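A quick note: this is a predicted structure, and the numbers were derived from the prediction, not measured. Naming: A, B, ... by sequence-line order, numbering from 1 per chain.
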Amino acid sequence: MASLTLEKINKRFGATRVIEEVSLDIKDGEFVVFVGPSGCGKSTLLRLIAGLESITHGDLMIDGQRVNDLTPPERGIGMVFQSYALYPHMSVYDNIAFGLKLAKSEKQTVDERVRRTAKILQLDGLLDRLPKALSGGQRQRVAIGRAMAREPKILLFDEPLSNLDAALRVQTRNEIAHLHERLGSTMIYVTHDQVEAMTLADRIVVLNDGYVEQTGSPRELYEQPASRFVAGFIGSPKMNFLDVDARAEGDAGCRIQVPGIGERVLPRRLAGDSDDAPLTLGVRPEHLTPTTAAGEAGFRIVNVEYLGSEAYLYLETSNSDTLVCRSEAPSPFARGERVTLDFAPQRAHLFDHDGRALPPADVEQMSTQATIS
Amino acid sequence: MASLTLEKINKRFGATRVIEEVSLDIKDGEFVVFVGPSGCGKSTLLRLIAGLESITHGDLMIDGQRVNDLTPPERGIGMVFQSYALYPHMSVYDNIAFGLKLAKSEKQTVDERVRRTAKILQLDGLLDRLPKALSGGQRQRVAIGRAMAREPKILLFDEPLSNLDAALRVQTRNEIAHLHERLGSTMIYVTHDQVEAMTLADRIVVLNDGYVEQTGSPRELYEQPASRFVAGFIGSPKMNFLDVDARAEGDAGCRIQVPGIGERVLPRRLAGDSDDAPLTLGVRPEHLTPTTAAGEAGFRIVNVEYLGSEAYLYLETSNSDTLVCRSEAPSPFARGERVTLDFAPQRAHLFDHDGRALPPADVEQMSTQATIS
Amino acid sequence: ADLTLSCGAVGAELQLCQAGVKRWEAQTGHSVEVVSTPNSATERLSLYQQILNARSSDIDVFQIDVVWPGMLAPHLIDLNEHLPDGATDDFFEAIVDNNTVDGRLVAMPWFTDAGVLYYRSDLLDKYDLEVPTTWEGLTEAAQTVQAGEREAGRSDFWGYVFQGRAYEGLTVNALEWIASYPDGGTIVDDDGDITVNNAQAVEALSLAAGWIDNISPRGVLNYTEEEARGVFQSGNALFMRNWPYAWDLVQSEQSGIRDRVEVAPLPAGGEDGQSAGVLGGWNLAVSRYSDHPDMAADLVAFLTSFDEQKRRAIEGSYNPTLPALYQDDEVLAAVPFFGTLYDTFTSAVPRPAAVTGDNYPRVSNAFFNTVHEVLSGNVSAEQGLEQLDRELSRLKRRRW
Amino acid sequence: MSLRTLKAVLLKIGFWLLVAVLMVYAIFPFYYAVVTSLKPSSELFEVSYWVDSVDLSNYAAVLSQPTFVAAIRNSVIVALSVVAIALLLGLTAAWALGRVRFRGRTTVMMLVLGVSMFPQVAVLSGLFEVIRTLDLYNSPGGLILSYTIFTLPFTVWILTTFMRQLPDELEEAAIVDGASPWVTLTKVFMPLLWPAMATTGLLAFIAAWNEFLFALTFTLTDSQRTVPVAIALISGGSQYELPWGPIMAASVIVTVPLVVLVVIFQRRIVSGLTAGAVKG
Amino acid sequence: MATDEQGIAQARHEASSDDTPPRGRGTRVRRQRVRAAWLFLAPMLIVLTAVAGWPLVRTFWFSLTDASLSSLDGAQFIGFDNYLVFDDGWYGILADPLWWQSVWNTLYFTLVSVSLEAVLGVIVALVLNAHFRGRTLVRAAMLIPWAIPTVVSAKIWAWMLNDQFGIINHLLLTIGLIDAPLSWTADASLSMWAVIMVDVWKATPFVALLVLAALQMLPNDCYEAAKVDGIHPAKVFFRVTLPLITPALLVAVIFRALDALRVFDVIYVLTSNAASTMTMSIYARQQLVEFQDVGYGSAASTLLFMIIALVTVIYLYLGRRQLGGEQ
Ligand SMILES: Nc1ncnc2c1ncn2[C@@H]1O[C@H](COP(=O)(O)OP(=O)(O)OP(=O)(O)O)[C@@H](O)[C@H]1O
Ligand SMILES: Nc1ncnc2c1ncn2[C@@H]1O[C@H](COP(=O)(O)OP(=O)(O)OP(=O)(O)O)[C@@H](O)[C@H]1O
Ligand SMILES: [Mg+2]
Ligand SMILES: [Mg+2]
């Protein structure tokens, strides 16, 4: 039940700038996910919000009130630490119960809540153990339990699921989603897991080197990345990038020449002066369709990666880059074979040499775009 | 350059049995991945192999020699710890160089190797930092670098990538694969990430509660899980399970009645006496094909999860279980619509009430199976 | 160094000693190392015993207390065998006797000591009082002056300070009270009989117990020589019982009561009593384990010689052990009361160390603890002495 | 806002008040010693809270004694050696007792503790014999050896306690890196134990610096004596006189090096040495 | 005590105390480690045996003889007569009321002063652990009481506590808390408290310093967690800090208690041999040094040792959890 506003927030450690001019509006009850490469400042940003780190410049507001100077509890925040931060001398039970600031008389309530939390996180049998007798995943669950049990109005999660196995991860993820629905609390979540980010987030914030690169719904980021960086960062395996030459083609967009694939007209508007500019084409692996090639045409398959539900083909380009494309599993293609590729122009992206995405060509194209998405 | 044999290895912590009768043959140069739910004993097994934990019963052999009594360095082992275990007072450089220096390598060699390792792991700029000034992912990379730099003959990784972002993860994963090729060292790798497990492993070992549930190539595990546990554990989102009644149908296999889908004949052999036994049908989300249903037939879509490259439909069954099925992204279906499902019988699995998979029906069916896989 | 000598722990005493040693060195050409030892007598004794028990030749010449000859005799040489005949002729006989154990002269008398009464002559004059000669008189005078001074606003002025801490000093003080009464006598007599429980002693102790909080501060129960001197020298007491050493200090240039102090013999117990100062003092002895016993004996002879003692008397007001020096003009000029108090020094009362031997410390301890209890008001003098009598009998059973 | 600031200010005032009270309690006696040492002996018996006039004669008296300077030198040698030995033996023992589980560990711990259960006077004469047998009488060696009797037990126990708290994973990482116990101890643990080592080192140093009874008994000549003995033997007029001024001056003089030492060592008592080592 | 075998990471598993696999199956790795452990212990054990072995044995032996300081060689074996003997009435230390009083005094002194020191020490450590300007100076200042030689500091206090020209009485009189000077060290009802006050003053820095070191080694992130959870600082202190520094505090208290049980110089300087503050050590010293009775004094020392050992064992037993499974 709290909205959060970050206004030009900066953080420096000594001379190192870690967070730069981050502005962000988080609505009451929103679920926001921070993603970004390792070391880009996600944890630091969370810690700034929590009040564990002082803000070098800028304002942080909760419900419209400036809270730069408030202590963490005054901000009404709960947090799951990336390093767990468990109390080493307390049992799992006490770790979870400790933060529950309930009146003494409500001992039973505490007990109930702890047990419920433990059940959700499958910690029932471990309540008497000390952290050092737990496995990595179990510790992580205790850390989550501790923050969850308190049900604060803003919950911060720093990679809470990174040590859990797939099944438990899905389950805990659903539990967090559920919690979010039930409590309606504002949640900020740092993760490296694409699936988590895509499924949990109302909005994803992509950080790069302390800057906000783009914010938007998962779908926006996936389908309309504002930059090459975001395009490459969201989606796994990541988008294929190819250097292409482009020519404006009137309102229809621009015509590009893709080596090994051929000419295509993309519904993207080229900046007026940049005719024939070197551009980068971006196509996601799942939007590339492979067909068995005749003779020496197309690309050679250098590796087939089997993932059970699908397979990825690794293709060698003429300038020995690698292209990745998805195929069903088991794949009908084998290593060493050659394939030709095709893609739907609407699904492709174009980036200028600064890495900025080219905008859609015109209204008509725009609506096409819209129907696709 | 070392083969590894585990013979009926047991480990107890006090009264708690953590590892039970684990036997395993790991060939020289093989890449083995351990997977299993949190707390099943993966880390413990790695620590037993490393020599950090004493084996309660059983023998561990390296290259045919019993090594139960050897120290970790004598076993020629390197290890990446799940909790990093960095030397907090040493810079990143020294952390990586420590083992090399102890091995009495020459100064220049040490320097070279450290720098090369740092480069691979993108730690170049951080060599002078102390661990406490690193982000979680950076710490993890240092931990990997420390183990890699020594190039030991057996390398153990305990969830080495869990704190890395997708891009770096893919890259480091490839680096590890590359390293494996280059060094030819035997590697044992614990992970929760399905993609890592599937792509890296020559062989996957599925642990459950200290037991080995199944070992096999990624494909074997995915397509011929020996038990319901393995079937559910490998693959994400996990396999759908439905209770069905089955009747033997001669050599062709058995006929089952799937509520909401209809009757199918599966090429699975029913144990002679278990006619009409309660069985469990398992079908993976990607093997379920949804079609828009007419009227009240089929299942109601309760949720559509958008993942960018694909979408998952969550369907409600009559007994309010949930079925998951894959669809393309953006999905042509929306929440609240109804769909009917179909699946190819060859892709489906049947498990008896002990959770064991039923074997293929006969030779003919077997070959069908083989061509699919 | 050829010889090692332990003398006095502390500065002035040590310096005097070192000066003497220098002269001997100049005279004989031998070299001597002077080591300093702990200030506290008991600590010094145990250190000596440590060294002597180890049969170590680390120290050749020891400075020993008058109560120690009995204890240390086995480790010391018979000086008679190393010194010319008649070497002890001119010394106080009592001390020589004290130092002779089983016919062996184990130590040469070096300097002596006895308790004396310091008083503020200016205040006695002011209140027109005589120097008291009895304890009762002292009590009265003290009360008068204390009352007067307090009225004058000096609320922390006291009549009498002495050494009341539970330690050897209290034995000395109390013995002086008891011995000053007629027939009050001794704790243990020369035959080893316990004599302390008698009416005179009760009287003496009762009187003393009455001083506390009356003319003496309660804190006196934890005073040693220095605390007493502190109070007295800061002008806050009329009378003080102390050793002659205090003379130099209260008469020093920085002293606030310089030239307003005089010394008298300790008062007597009642009209029939006699003044009694307890014998203190130090002797020089030579270790049996010394590598150069003759040389050491020569050093001892030199340090106890007439000239040397005279010098020490003049420069440090150390009481000589040669009667002749008490008539020496130069000495008297430096320390006037040597003349007037000659009797005090010659007739000083010994503690029962010789007769109780090894058990003396226990006897003394039992005694001063009893006195301390009586002074504190925890028991009456009668009860206390009765208990002491029993306690001493108990001790006596353990072979003295 | 104003309430918050008020609260903060009050907290701050409270804190500084606490600091002030503790400071007064801690250093008032020392301050009083300084005041006393700056007074001429005549004013000794008068109460005064301040130094009215500075009289350095006591200091001059103390420092002009060559034996006192020698005593300081001896004390430094003895105390430093004791610290070095105690830390060296203490660290190795602490590793064994804190990190290895073996039969007899508790027994050893108790034996070590048992050494400090006898009163000093009781061991004095026995130790005297030992030292004479080893021919260490009247030499710093004798003191250094005998001081281990009270510095080692607490060094061992304290370091053991701290050693136990270091994360196990660190040692395991070192083992996997091929480090011997000695290397682990010196290269990995020692840097992390600085707070504990600085503390025990400081405590051991002070204990050795201030020890009196052994120093008195096991040395004889002025050239071998240590500071406390030298102070105790500082000149007064006679057997009974306590030279307060010089004693206080000497105490002040010998306390100053310790204060300097504390200032130096306390830099080592810093937090967060193990930060970033492990998760959990 | 856990004599079971474990691999390298025993400490990690101390939680599982019932860890008792078959005995005598130590692996080589483990044996190597144990060997290294003994090797590491050896220097300390040798040194301690050298300095403490003989004196302790000797003390124990003498306690069974009638040795006196002036005739050590002629000591006769007299069994336990020094402790207790019936010879027309009970004799021996155990029959000496003064001994029992000194035992009581010692225990009382130890309990009161060590408790005060522990509490004060923790407070001081917390202050020293805070970040503020001038911390270095305050840290140094706080250590001064410990740094002054005991003999000297006891004398300073004796000086300050002097009834006539002591500054404490002066101060109390000035601010009107008392109307007549108190004789702190002479008055039996005050002297114990005077002694305790001085001992607390002197020894608090010892505890404080150790607790400070322990504070410095606490995991930082726990505090962040507690901070975020908004747990009251007092609760954090009692539930997180205190438990985590308990091992160090316990060790500090053990050594303080051992010192307090053997307390000698402070009391000796302040009140000498007065019965109201007579402690076991003073009693033993009096017998040994002043009464020259080596036999009796050694017996008193041995009894003192046994009482201390008893107290220590009880203490360790009570504190065994915090000391990491020591028992
Ligand atoms: N010292 C110990 N005492 C008792 N049980 C322990 C101890 N250490 C680990 N365990 C238990 O042993 C089991 C296996 O732990 P392990 O660390 O091997 O799990 P894991 O498979 O690595 O799990 P994760 O994936 O969560 O890291 C867990 O249930 C854990 O709680
Ligand atoms: N105390 C510090 N001093 C200097 N630099 C620091 C400090 N703490 C963090 N950094 C640096 O700040 C940057 C951001 O760190 P942060 O922990 O926020 O990264 P992150 O995005 O959470 O990364 P990860 O995903 O790996 O956890 C990193 O480059 C890190 O090295
Ligand atoms: Mg982070
Ligand atoms: Mg694990």
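Each of A:Ile77, A:Thr71, A:Leu156 was checked for a side chain to side chain contact (heavy atoms under 4.5 Å, CB included) with E:Val228, and the lone residue meeting it is A:Ile77.
Inter-residue side-chain proximity for E:Glu224 and A:Met79 is flagged as unmet; no heavy-atom pair is nearer than 4.5 Å.
Heavy atoms only, all atoms of each residue included: A:Leu86 and E:Cys222 are closest at O-SG, 3.0 Å. Across E:Asp221 and A:Ser83, no two heavy atoms sit closer than the pair OD2-OG, 3.3 Å. Here the shortest heavy-atom pairing between A:His89 and E:Arg239 reads NE2-O, 2.6 Å. In this structure, A:Arg146 and E:Ala225 approach most closely via the heavy-atom pair NH2-CB, 3.5 Å. Shortest non-hydrogen contact noted between E:Lys235 and A:Phe98 is NZ-O, 3.7 Å.
For a residue to count as touching a neighbouring chain, one of its non-hydrogen atoms must lie under 4.5 Å from one of that chain's; by this rule A:Phe81 touches chain E with the side chain only. For a residue to count as touching a neighbouring chain, one of its non-hydrogen atoms must lie under 4.5 Å from one of that chain's; by this rule A:Arg75 does not touch chain E.
For CZ of E:Phe238, the number of neighbouring non-hydrogen atoms (other residues, nucleotides, ligands) closer than 6.0 Å is 12 at most. Open room surrounds CZ on E:Arg133; 12 or fewer heavy atoms of other groups in view lie less than 6.0 Å from it.
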